[in-house]
Amino acid sequence: MGNVATPQALAFRWAEVMNDPCLRNLPYKIELNVWGKIEMSPATTWHARIQGRITVQLERQLQAGEVLVECPVLTEIGVRVPDVAWASNDFLRAHGDATPCPRAPELCIEVVLASNTEVELQEKTHAYLAAGANEVWLVFESGAVQYFDRTGRKTVSQFPVTLTLPEPIKP
């Protein structure tokens, strides 16, 4: 299968990716897998709308921290980029603007697209939790939200947030 990249090698590779002029302004979210290879996911307008809506609502409802959009996180499966995250002031003081973050912010949220597989979502959820997230949310186009912590799936979040998501706009 090849050698898995060390955390230091992944951080170095991430810096290379961020500085590569050929990779700027791509209409894709870029992540690195465990071997340091680039993975790209195409963006959709619906995805962007949901990210924006979640960002605004977290900002309004959670205190003593900041909302981060597409914040790179060093995980056991590579550099992964949750669509939205929330980091406490303590997390921000400890890690500053380190890129990628050496551990996951307290809350990591993935907006689920039809192209996301169940296995991929399970791997990312586990990776964020293993990297230090207290909770991971999966937000679906239907408006459903699944909450996970280190003990598994939960019926409610530990974060006092109520999400209101927009309906998809059909042309």
L32 side, atom CG; K37 side, atom NZ - distance, nearest 0.5 Å: 11.0 Å
Note, V139 side chain near V84 side chain (heavy atom, < 4.5 Å): no
Same apolar cluster (I L V M F W Y, side chains within < 4.5 Å links), V67/I109: yes
Under 3.5 Å: donor-acceptor pair, side chain of Q57, backbone of V161: no
Steps toward side chain to side chain contact (heavy atoms under 4.5 Å, CB included) verdict (Q122, E118): CA-CA 6 Å; Q122 288 173 357; E118 181 77 23; 3.3 Å; yes
Expected output: side-chain R150 to main-chain A130 donor-acceptor under 3.5 Å: no
Nearest-0.5 Å distance, CD of residue E120 to OG1 of residue T125: 10.0 Å
All pairs passing salt bridge (Lys or Arg N to Asp or Glu O under 4.0 Å) where residues 61-81 contributes a residue, at least two apart: E31-R80, E39-R80
Atom pair CD/CG of Q51 and D83 - distance to nearest 0.5 Å: 4.5 Å
Contact check, side chains of Q158 and Y147, non-hydrogen atoms, under 4.5 Å: no
From E106 atom CD to F159 atom CZ, the distance as rounded to the nearest 0.5 Å: 6.5 Å
Same apolar cluster: V17 and V73, side chain cutoff 4.5 Å: no
Side-chain heavy atoms of W46 within contact of L113, under 4.5 Å: yes
Path from I30 to M18 over hydrophobic side-chain contacts below 4.5 Å: yes
Enclosure of R24 CZ (heavy-atom neighbours >12, cutoff 6.0 Å): yes
Heavy-atom side-chain proximity of V34 to L10 below 4.5 angstrom: no
Distance (rounded to the nearest 0.5 Å) between C108 SG and N134 CG: 9.5 Å
Distance in Å, I77 CD1 paired with W35 CH2, rounded so as to fall on 0.5 Å steps: 10.0 Å
Residue pair P72 / V81, side-chain heavy-atom distance below 4.5 Å: yes
Single-linkage hydrophobic cluster V145~V111, side-chain heavy atoms < 4.5 angstrom: yes
Residue pair V79 / R13, side-chain heavy-atom distance below 4.5 Å: no
Hydrophobic cluster membership, L121 vs V136, 4.5 Å side-chain cutoff: yes
Beyond-backbone contact of L138 with N116, side-chain heavy atoms, under 4.5 angstrom: no
Salt bridge (Lys or Arg N to Asp or Glu O under 4.0 Å) partners of residues 135-148, not counting sequence neighbours, each pair once: none
